[in-house]
Amino acid sequence: MSPEAINNKYTILTRPAFHLLILCLLASVLFFYNLGGWDLWNPDEPRYAQVAREMAEDGNWILPRYNKRIYPDKPPVFFWLIALTYAVSGEVSSCTARFPSALAGVLGVLITYLIGRQLKSARAGLISALVLLTSIEYFWLGRRANLDMTLTLFISAALFFFYKGYRDTSPRLYYLSYLFIGLATLTKGPVGFILPLLTVISYLAVKKDLNAVKKVIFHPGLILFFALIFAWLIPSAMVGGREYLDEIIFKQIFGRVYESWSHKEPFYYYFLSFPPLVIPWVIFLPSALLYAFSRRRQPSGEDTLFPAVWFITMFIFFSLCSGKRTLYLLPLVPACALMVGCLWDRFLDKDGKDAVSGLIRIPGYLLLCSSIVASILLPWFSTFFKSEHQDFNYFGPVLVLAVSTTAALIMFIKKKEVLTLAMLMVIMAGGFIYSVQYVFPMLNEFNSAKPFSLRITSLRQDNEPLVSFCHKNDAFIFYTRIGEIREIKSIPDLRLLLLDPPKRFLLLMNKEDFEKIASALPFRIYPWEEGKVEDDEFILASNHERS
């Protein structure tokens with residue numbers, strides 16, 4: 001066979017359409033396989049699923065509700081998506097509640113490929129997308145009913161259309177950028193437009209292109225953005241009133257940025273909590289940042305400055321916010337993947353290996369050696385885990401991990417870098433599949449509130465009230481399907497509610513509060529049932545003895 005025929009035969013392997021197809025298939029397996037294999041877990045999952053269920057059942061798609069009351073914490077887009085799966089499947093289950101996140105995870109991988117292709121090459125896009133797909137936090141949140149994956153998709157899409165429009169001198173693409181900024185805002189509020197616009201302005205400022213800043217800020221796409229926002233905000237204000245508007249805009253959104261009442265952490269919190277989110281690729285992040293700002297190492301036409309500014313801008317923004325959770329950082333994980341992907345792509349260039357050899361080889365040896373050591377020591381670490389996790393059989397996974405990383409290290413030493421990179425991705429993907437098949441279903445026994453919720457439902461007669469005096473009610477509200485659980489936060493409020501108690505009622509509380517509550521009430525209560533969810537122990541009690 002002639003060289004030309006061979007080249008033509010393998011041309012398909014380098015085509016973007018083929019790359020997108022392969023990425024779509026791989027991402028679909030990692031995100032959709034056994035998606036409903038365990039119940040909805042706290043925090044957030046049961047609450048968001050319940051909001052969507054009430055939205056679909058009540059037919060009120062304007063104003064989200066939770067436990068029969070207005071839910072002002074988040075805008076409606078994510079709940080719309082779950083409610084649509086409810087309309088198609090007929091129920092809100094673990095699978096349908098997580099479906100929007102899984103779909104957003106797949107689409108986010110494809111968007112990352114397209115951005116990487118714009119930054120450098122199709123190969124850079126492919127490596128970046130695979131790095132993202134095999135990052136721990138991205139995989140985990142792509143399989144949870146959390147709105148952050150949907151937010152990340154919209155922000156990534158907004159930044160892609162901005163960058164493509166800027167690089168191709170096609171301002172019409174800014175309309176699509178503003179469209180996705182609007183969807184991001186309707187997913188999680190003002191952070192949906194603050195993050196992408198702050199990134200774009202920072203990037204153009206670093207490029208010293210102030211004229212482009214004006215074109216972006218005053219682009220007619222801004223009208224599309226406001227039209228999209230007010231199409232929901234005006235009807236919701238008419239239904240919910242001024243109080244709802246103040247709650248969702250000023251307290252729930254801006255309040256969390258400037259003076260959070262929950263999840264308060266120090267400024268340096270993310271410096272410690274971010275690295276585990278992007279294992280194993282975080283080991284290459286310092287090198288990738290150094291490469292992004294080192295023009296002499298980069299070929300002409302490459303632009304790794306964009307993901308670097310994206311990453312740094314968002315990291316600083318979240319660090320300055322008073323409320324901090326690790327899942328908030330998900331929108332900057334694609335930027336991390338793009339930087340690492342471009343660095344590895346440069347290393348694989350014929351003329352690039354010498355330029356970035358140290359930036360790849362030093363962290364590569366550290367990663368592979370530490371992985372081997374960690375896999376060997378993992379069974380001994382189990383003694384520090386919760387008692388219910390100590391019986392887990394580590395032998396099989398540890399043996400596979402140790403052998404695989406050792407093989408990867410040998411290949412790396414022999415300068416088989418492509419095979420080493422592929423081996424790292426296979427190890428991560430294999431670990432993810434193993435987790436969703438065995439680990440998460442096993443943990444469900446300890447993390448799920450469904451079994452205890454079903455016992456509560458079986459003990460409840462007719463429409464007798466259920467009163468809750470405990471935290472973490474979300475899963476009980478979702479799985480009991482009672483309709484409304486009266487939530488009480490203080491003993492005086494509980495006493496006031498029960499001054500004239502109904503003939504019989506059920507009272508759900510934390511086990512540690514039983515004696516305190518029993519002594520504070522003017523009548524006797526009887527413990528009926530005990531249950532445990534994660535580290536929390538609960539008691540179901542009543543003012544009548546159990547028959």
Side-chain angles (χ1 to χ4, degrees), residues 7 10-28 30 104-135 138 152-174 176-177 179-180 196 199-200 203-204 207 281 284-285 288-289 291-292 295 297-311 331-352 355-356 360 417-418 421-422 425:
N7 289 335
Y10 292 103
T11 297
I12 188 174
L13 299 179
T14 62
R15 289 179 179 172
F18 179 76
H19 291 168
L20 290 171
L21 176 61
I22 292 298
L23 288 171
C24 187
L25 292 174
L26 292 175
S28 296
L30 288 182
V106 173
L107 296 176
V109 168
L110 303 183
I111 288 290
T112 301
Y113 169 80
L114 295 175
I115 297 175
R117 187 163 167 252
Q118 286 288 315
L119 294 174
K120 191 176 187 295
S121 66
R123 186 179 63 186
L126 183 62
I127 296 173
S128 299
L130 291 172
V131 167
L132 179 65
L133 184 58
T134 52
S135 296
Y138 193 82
T152 299
L153 169 65
F154 292 148
I155 288 177
S156 298
L159 291 174
F160 166 67
F161 284 111
F162 154 74
Y163 185 78
K164 184 169 177 57
Y166 175 71
R167 184 152 184 167
D168 296 348
T169 320
S170 179
R172 287 180 296 180
L173 291 175
Y174 294 167
L176 290 174
S177 183
L179 172 65
F180 283 105
T199 299
V200 166
Y203 172 71
L204 295 176
K207 297 279 287 186
W281 310 109
F284 297 103
L285 183 57
L289 283 167
Y291 174 70
R295 289 300 175 195
R297 291 187 171 96
Q298 298 177 24
S300 60
E302 180 177 344
D303 185 9
T304 52
L305 187 64
F306 180 64
V309 172
W310 174 353
F311 178 87
L332 54 81
V333 174
C336 176
L338 286 163
M339 286 190 292
V340 172
C342 288
L343 173 63
W344 265 95
D345 184 72
R346 179 58 175 157
F347 181 69
L348 298 177
D349 286 339
K350 290 181 179 179
D351 63 338
V356 297
I360 288 289
E417 293 87 2
V418 175
L421 183 61
M425 293 173 176

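Note that these values count all heavy atoms, side chains included, but never hydrogens, waters or copies made by symmetry.
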Would you confirm whether [X], through its side chain, and [Y], through its main-chain N or O, come within 3.5 Å as a donor-acceptor pair?
{"X": "S177", "Y": "L173", "result": "no"}
{"X": "S170", "Y": "G165", "result": "no"}
{"X": "R346", "Y": "R297", "result": "yes"}
{"X": "W281", "Y": "G341", "result": "no"}
{"X": "Q298", "Y": "D303", "result": "no"}

Locate the shortest heavy-atom distance separating [X] from [Y]; write the atom from each residue and the value.
{"X": "A104", "Y": "Y138", "answer": "O-OH, 3.9 Å"}
{"X": "P334", "Y": "T152", "answer": "CG-CG2, 3.9 Å"}
{"X": "M339", "Y": "A308", "answer": "SD-CA, 3.5 Å"}
{"X": "Y203", "Y": "Y166", "answer": "CE2-CE2, 3.9 Å"}
{"X": "L343", "Y": "A288", "answer": "CD2-N, 3.8 Å"}
{"X": "R167", "Y": "L119", "answer": "NH1-O, 3.6 Å"}

Measure the shortest side-chain to side-chain distance between [X] and [Y] over non-hydrogen atoms and say whether it is less than 4.5 angstrom.
{"X": "F162", "Y": "F306", "answer": "yes"}
{"X": "K207", "Y": "L305", "answer": "yes"}
{"X": "D349", "Y": "R123", "answer": "yes"}
{"X": "F311", "Y": "L338", "answer": "no"}
{"X": "L130", "Y": "I127", "answer": "no"}
{"X": "P299", "Y": "K120", "answer": "yes"}

Practice task
Give, for atom CG of L159 and atom CZ of F180, the distance between the pair rounded to the nearest 0.5 Å.
Solution key: 11.5 Å
Problem - Distance, nearest 0.5 Å, that separates CG of L332 from OG1 of T199 - result: 9.0 Å
Practice task
Answer yes or no: are there more than 12 heavy-atom neighbours, outside R295 itself, under 6.0 Å from its atom CZ?
Solution key: yes
Quiz: residues 105-118 side-chain donor-acceptor pairs under 3.5 angstrom, not counting sequence neighbours:
from: T112; atom 1: OG1; to: G108; atom 2: O; distance (Å): 2.8
from: Y113; atom 1: OH; to: H19; atom 2: ND1; distance (Å): 2.9

Exercise for the section: Give me the ring orientation class for W344 and F284: parallel if the planes are under 30° apart, tilted from 30 to 60°, perpendicular past 60°. Expected result: perpendicular
